[in-house]
Amino acid sequence: MSEYDILIVGGGPAGLTAAIYARRAGKSVLVLEGTGFGGQIASSHLVENYPAIPAISGADYSETLAAQAKALGAETRFGRVSAARQEDGGFVLTAGKKELTGKALILATGAKHRKLGLPREEELAGRGISYCAVCDGAFFKGKDTVVVGGGDSALQSALFLAGVAKSVTLIHRREELRAQDASVAAARERGNVTFLLGSRVTELLGEQSLSGVMVEDSAGSRRELAADGLFIEVGQEPDNEIFAQLAELDQGGYFRSGEDCRTKTPGVFAAGDCRAKDLRQLTTAVADGSVAATAACRWLDGQ
């Protein structure tokens, strides 16, 4: 069983940046990723707020970042971590049937899409319900779609779908949107995008596949809205319970850590969207990755 200087859980921007910094410091690194390298940014059709890169697709950015980490010698492996423990001055992760050991551990587990929590949501997933417009938008060419959410991800999804679908209706429970003004303005300029603010989806319609949604406004009025596709963009939630013995969680399930990304356990660091902080953006994820890796290397050198 090989031992690495640093085990990194998560192959998104935070984890891959940590791998780059750790390799440049001469440490052996293994990055474990459960689904696909790049994390959620990989499904973004356009990234326009990353310094010095005016515009790039999330897929291209992720591919370039992963290639950079691998070129520097970072090892990568697909596998979901099912258990984690501290042992003999290091850390042991179980992924599938394998146990992987490391002297230090960086948790860059990201966050997953939050669901609406409506009856039959799971049943209709992939049958009209999606959490990724870039992944599934092409299936709804010339059709009526709905996006639920009011943040940047929701507006990006609406803009992407506006170029594919017949119509896009954006539903948000509040009267004000949280997305950047530029994205809101761009969506309002599209002739096939409609806004339903102060409203929420209360029911999913359709038998074998989605046929529409029931919408209720703040006054309690209900209306049925026909839709072939429903794209849910209502935020994220962490998936950190497996590591709760190593890193303290806040009430929302995010890792508690300082700006140095250190957790309660010496040798364990948290980086990216998985940790408790005010802003979760691509820039803050890569910043966390560099901070966590630098802190991990210093910690290793001091042992």
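Nothing here was measured: the structure is a model prediction, and the numbers come from that model.
- With rounding to the nearest 0.5 angstrom, the CZ atom of Phe140 is 4.5 Å from the CZ atom of Phe231.
- Note: the hydrophobic cluster containing Leu225 also contains Leu210 (ILVMFWY, side chain heavy atoms under 4.5 Å, direct or indirect links).
- For the pair Tyr50 and Ile56, the minimum side-chain heavy-atom distance is 4.5 Å or more.
- Remark: side-chain polar atoms of Arg114 are not paired, donor with acceptor, to backbone N or O of Gly235 under 3.5 angstrom.
- Looking only at distances, no side-chain donor or acceptor of Gln156 sits under 3.5 Å from a matching main-chain atom of Asp152.
- Formation of a donor-acceptor pair under 3.5 Å by the Ser183 side chain with backbone atoms of Leu155 is not found in this model.
- With hydrophobic clusters built from ILVMFWY side chains whose heavy atoms lie under 4.5 angstrom apart, Leu32 shares a cluster with Leu246.
- The minimum heavy-atom distance between Glu33 and Gly11, with the atom names listed, is OE1-N, 2.6 Å.
- A donor-acceptor contact shorter than 3.5 Å links the side chain of Thr263 to the backbone of Val268.
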Working for side-chain contact (heavy atoms from CB on, under 4.5 Å), residues Phe269 and Thr294: CA-CA 10 Å; Phe269 307 83; Thr294 302; over 6 Å; no

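- With respect to Glu203 and Arg120, no salt bridge is recorded, no charged nitrogen being found less than 4.0 Å from a carboxylate O.
- Minimum heavy-atom separation, Ile106 to Ala18: CD1-CB, 4.0 Å.
- Considering every non-hydrogen atom in both Ala84 and Leu93, the closest pair reads CB-CD2, 3.5 Å.
- Side-chain atoms of Gln40 come within 3.5 Å of backbone atoms of Ala111 as a donor-acceptor pair (strictly under, hydrogens ignored).
- Ala108 and Ala14 make their closest contact through CB-CB, 4.1 Å (heavy atoms, listed as atom of the first residue, atom of the second, distance).
- Looking at Leu124 and Leu230, their side chains never come closer than 4.5 Å, going by heavy atoms from C-beta outward.
- Summarising the geometry, atom CG belonging to Leu30 is positioned 8.0 Å from atom OG1 belonging to Thr76; distances are rounded to the nearest 0.5 Å.
- In the hydrophobic clustering of this structure, Val31 does not group with Tyr4; members are Ile, Leu, Val, Met, Phe, Trp, Tyr whose side-chain heavy atoms approach within less than 4.5 Å, directly or through other members.
- A heavy-atom distance below 4.5 Å is not found between the side chains of Ile232 and His113.
- In this structure, the separation between CZ on Arg222 and CD on Glu216 is 6.0 Å, given to the nearest 0.5 Å.
- To the nearest 0.5 Å, atom CD of residue Glu241 and atom OG1 of residue Thr109 are 11.0 Å apart.
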Should Glu233 and Ser157 be marked as a side chain to side chain donor-acceptor pair (under 3.5 Å) after you check the CA-CA gap, both sets of side-chain angles, and the distance that decides it? CA-CA 8 Å; Glu233 294 283 2; Ser157 293; 3.0 Å; yes

Please test Val213 against Leu204 for side-chain contact (heavy atoms from CB on, under 4.5 Å), starting from the C-alpha separation and ending with a verdict. CA-CA 5 Å; Val213 296; Leu204 305 173; 4.2 Å; yes

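- Annotation for Lys141: atom NZ does not count as buried by contact number, only 12 or fewer foreign heavy atoms lying within 6.0 Å.
- Heavy atoms of other residues, nucleotides or ligands lying less than 6.0 angstrom from CZ of Arg280 number more than 12.
- Contact detail for Val215 and Ser199: the closest heavy-atom pair is CG1-CB, 3.7 Å.
- Put simply, the side chain of Lys112 does not reach to within 4.5 Å of the side chain of Tyr131, judged on heavy atoms.
- Between Val9 and Leu7 there is no side-chain heavy-atom pair separated by less than 4.5 Å.
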Apply salt bridge (Lys or Arg N to Asp or Glu O under 4.0 Å) to Glu259 and Arg275, showing your working. CA-CA 10 Å; Glu259 287 303 306; Arg275 80 180 188 92; 3.7 Å; yes

Applying side-chain contact (heavy atoms from CB on, under 4.5 Å), run through Val47 and Ile53 and close with a yes or a no. CA-CA 8 Å; Val47 177; Ile53 303 178; over 6 Å; no

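- Here Asp301 pairs with Lys27 in a salt bridge; the nearest charged N to carboxylate O distance falls below 4.0 Å.
- In this structure, Tyr21 OH and Leu72 CG are separated by 11.5 Å, a value rounded to the nearest 0.5 Å.
- Residues Arg256 and Lys264 form no side-chain contact, since every pair of their non-hydrogen atoms from C-beta on lies 4.5 Å or further apart.
- Not a single donor-acceptor pair under 3.5 Å links the side chain of Glu121 to the backbone N or O of Lys115.
- The neighbour count for Gln303 CD, taken as heavy atoms of other residues, nucleotides or ligands under 6.0 Å away, is above 12.
- With hydrogens and angles disregarded, a donor-acceptor distance shorter than 3.5 Å links the side chain of Thr145 to the backbone of Ser167.
- With hydrogens and angles disregarded, a donor-acceptor distance shorter than 3.5 Å links the side chain of Asn240 to the backbone of Gly253.
- Checked by atom type, the side-chain pair Ser28/Asp5 shows a donor-acceptor distance below 3.5 Å.
- Transitive grouping of hydrophobic side chains (ILVMFWY, heavy atoms separated by less than 4.5 Å) brings Ile8 and Leu300 into a common cluster.
- Taking a cutoff of 4.0 Å between a charged side-chain nitrogen and a carboxylate oxygen, Lys277 and Asp288 qualify as a salt bridge.
- The neighbour count for Phe139 CZ, taken as heavy atoms of other residues, nucleotides or ligands under 6.0 Å away, does not exceed 12.
- Atom OG1 of Thr284 and atom CG of Asp278 lie 10.5 Å apart (nearest 0.5 Å).
- By the 4.5 Å heavy-atom criterion applied to side chains, Val168 and Val147 are counted as neighbours.
- No more than 12 heavy atoms of other residues, nucleotides or ligands sit less than 6.0 Å from atom CD of Gln245.
- Here the shortest heavy-atom pairing between Ala165 and Asn192 reads O-ND2, 3.3 Å.
- Residues Gln86 and Phe91 are in side-chain contact: their nearest non-hydrogen atoms beyond the backbone lie under 4.5 Å apart.
- Under a 4.0 Å N-O distance rule, the pair Asp239/Arg80 qualifies as a salt bridge.
- In the displayed structure, Glu63 atom CD is contacted under 6.0 Å by at most 12 heavy atoms of other residues, nucleotides or ligands.
- For Arg85 and Glu87, the salt-bridge test passes: some basic side-chain N is under 4.0 Å from an acidic carboxylate O.
- Follow the hydrophobic side-chain contacts under 4.5 Å out from Ile171 and you never reach Leu177; the two are in separate clusters.
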Working note: Leu249 + Tyr254, criterion side-chain contact (heavy atoms from CB on, under 4.5 Å); need CA distance, chi angles, decisive distance, verdict. CA-CA 5 Å; Leu249 306 182; Tyr254 292 93; over 6 Å; no

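- Ser221 places no side-chain N or O within donor-acceptor distance of the main-chain N or O of Asp217, the cut-off being under 3.5 Å.
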